[in-house]
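The basis for the numbers below is simple: all heavy atoms, side chains too, and nothing from hydrogens, waters or symmetry mates.
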Amino acid sequence: IRLTQGEARFQVAKDHSRPFIVDAGDARVRAVGTAFDVKVSRERVAVTLVEGVVEVTPIIQPASMRTPSVLTAGQVLSIEHGSGKQLIESVAVERASAWLGRQLVFDSTPLVDAVTEANRYLPQPIVIEDLSLMRMAVSGVIRAGNVDNFIAALESSFPVKAIKRADGQVALVKRTDERARRRAD
C-alpha cells in the first residue's frame, strides 16, 4: 500500500510468507501480524505501533545505507522529510489512537501543531496571525471537526482571541489583558 497523505490504521493477520508493506513518504513499514498507524504530513512520516512488531526502513537513503528500525508496542518513529532524521519515542497507545474516535489530544503541544492537527478536520482552516503564539504550549482534548469548541477552549484557557472573518476564516491573535488596558486609560 502507498499512503501519500493523512493517517491510516492497519491491522494485519499473521502470515510470515506474505508480509504487509506500506510505503509512506520517506519510510517503508513492514509488518506481519500487528496493528499500527501511519501518518504522513508535510514535515514527517510517523509510525505508531499499537500491538505486535513492525520494521520501519527510511527509503530516502541509498539502498546500501538503509537500516531498519524495529518498533515494539507503544513506540512511535518519526522520520523528517528531506533530512531523514529519525526519532523514536514512547507513547500511550490510547492517546495515540484517540483520532479513531475523532478526538484530538494535546499535551503541551505548540499551538502551531495543534492548529495544524485541528485543520485536518475543518473545511476552512484556522490561521495564526500573531506569530508570537506559534510556540505557545496548549493542552486539552477536543472533538475533531468542531471549530467552535476548539476556539472556545483556546479563548477560555490561553491568551488567545479568535477573530471570525466575513469569509468564514478564523484568525488567532494574542488577547490583551483588558484590565491592564483599562487601568492605563
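A162 and E155 make their closest contact through N-OE2, 2.8 Å (heavy atoms, listed as atom of the first residue, atom of the second, distance). For the pair R143 and G101, the tightest heavy-atom approach, listed with the atom from each and the gap, is NH1-O, 2.8 Å. For the residue pair V54 and T34, the shortest heavy atom distance occurs at CG1-CG2, 3.6 Å. Counting all heavy atoms, side chain and backbone alike, P58 lies closest to T67 at CD-O, 3.6 Å. Annotation for V40 and A24: closest pair CG2-CB, 3.6 Å, computed over non-hydrogen atoms. Of all non-hydrogen atoms in Q169 and P125, the two that sit nearest each other are CG-O, 3.9 Å.
Side chain of R135 to backbone of V112: no donor-acceptor contact under 3.5 angstrom is found. A distance-only check finds no donor-acceptor pair linking the side chain of R9 to the backbone of A35 [under 3.5 Å]. No donor-acceptor distance shorter than 3.5 angstrom exists from the side chain of Q75 to the backbone of I88, with no hydrogens or angles considered. Formation of a donor-acceptor pair under 3.5 Å by the R102 side chain with backbone atoms of A144 is found in this model. For D23 (side chain) and R28 (main-chain N/O), no donor-acceptor pair under 3.5 Å exists by modelled atom type. Side chain of S78 to backbone of A46: no donor-acceptor contact under 3.5 angstrom is found. Side-chain N or O atoms of T109 include one that pairs as donor or acceptor with a backbone N or O of D107 at under 3.5 Å. Looking only at distances, a side-chain donor or acceptor of H81 sits under 3.5 Å from a matching main-chain atom of S41.
In this structure, the side chains of F20 and D15 stay at 4.5 Å or more apart for every pair of heavy atoms. Using a 4.5 Å heavy-atom threshold, the side chains of K164 and V170 count as touching. A 4.5 Å side-chain heavy-atom check between L111 and L154 finds at least one atom pair inside the cut-off. Side-chain atoms of V12 and F36, non-hydrogen and from C-beta on, do get closer than 4.5 Å to each other. Within the 4.5 Å cutoff, the side chain of D148 has heavy atoms near those of the N146 side chain. Side-chain contact between K39 and W99 is absent, with no heavy atoms from C-beta onward closer than 4.5 Å. Within the 4.5 Å cutoff, side-chain heavy atoms of I128 are placed close to those of M134. Between F150 and L104, every side-chain heavy-atom pair lies at or beyond the 4.5 Å cut-off.
Both V45 and V22 sit in one connected hydrophobic cluster of ILVMFWY residues. Membership requires side-chain heavy atoms under 4.5 Å apart, directly or through other members. Cluster membership check: L100 does not share its hydrophobic cluster with V141, using side-chain heavy-atom separations under 4.5 Å among Ile, Leu, Val, Met, Phe, Trp and Tyr. Both I151 and F106 are part of a single hydrophobic cluster, where members link through side-chain heavy atoms under 4.5 Å apart. There is no path of hydrophobic side-chain contacts, each under 4.5 Å, that joins V127 to V160. Under a hydrophobic-cluster definition in which Ile, Leu, Val, Met, Phe, Trp and Tyr are linked whenever side-chain heavy atoms come within less than 4.5 Å, directly or via other members, V56 and L3 are assigned to the same cluster.
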Would V29 and F10 satisfy side-chain contact (heavy atoms from CB on, under 4.5 Å), going step by step from the backbone distance to the final call?
CA-CA 11 Å; V29 184; F10 301 99; over 6 Å; no
Passes side-chain contact (heavy atoms from CB on, under 4.5 Å), R42 versus T116? Steps please.
CA-CA 11 Å; R42 279 181 261 192; T116 298; 5.6 Å; no
Run R30 and T57 through side-chain contact (heavy atoms from CB on, under 4.5 Å) and show every step you take.
CA-CA 8 Å; R30 183 179 182 277; T57 305; over 6 Å; no
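The CG atom of D130 sits 9.5 Å away from the CG atom of L172 when rounded to the nearest 0.5 Å. Taking CD1 of I59 as the start and CG of D26 as the end, the distance is 6.5 Å to the nearest 0.5 Å. Between atom CD of residue Q124 and atom CZ of residue R165 there is a gap of 11.5 Å, rounded to the nearest 0.5 Å. Note: R44 CZ to L77 CG = 11.5 Å, rounded to the nearest 0.5 Å. Here R120 contributes atom CZ and L122 contributes atom CG; the two are 11.0 Å apart, rounded to the nearest 0.5 Å. Interatomic distance, CG of L87 versus CD of E80, reported as 8.5 Å (0.5 Å rounding).
With a 6.0 Å radius and a threshold of 12 heavy atoms from other residues, nucleotides or ligands, Q5 has its CD atom at or below the threshold.
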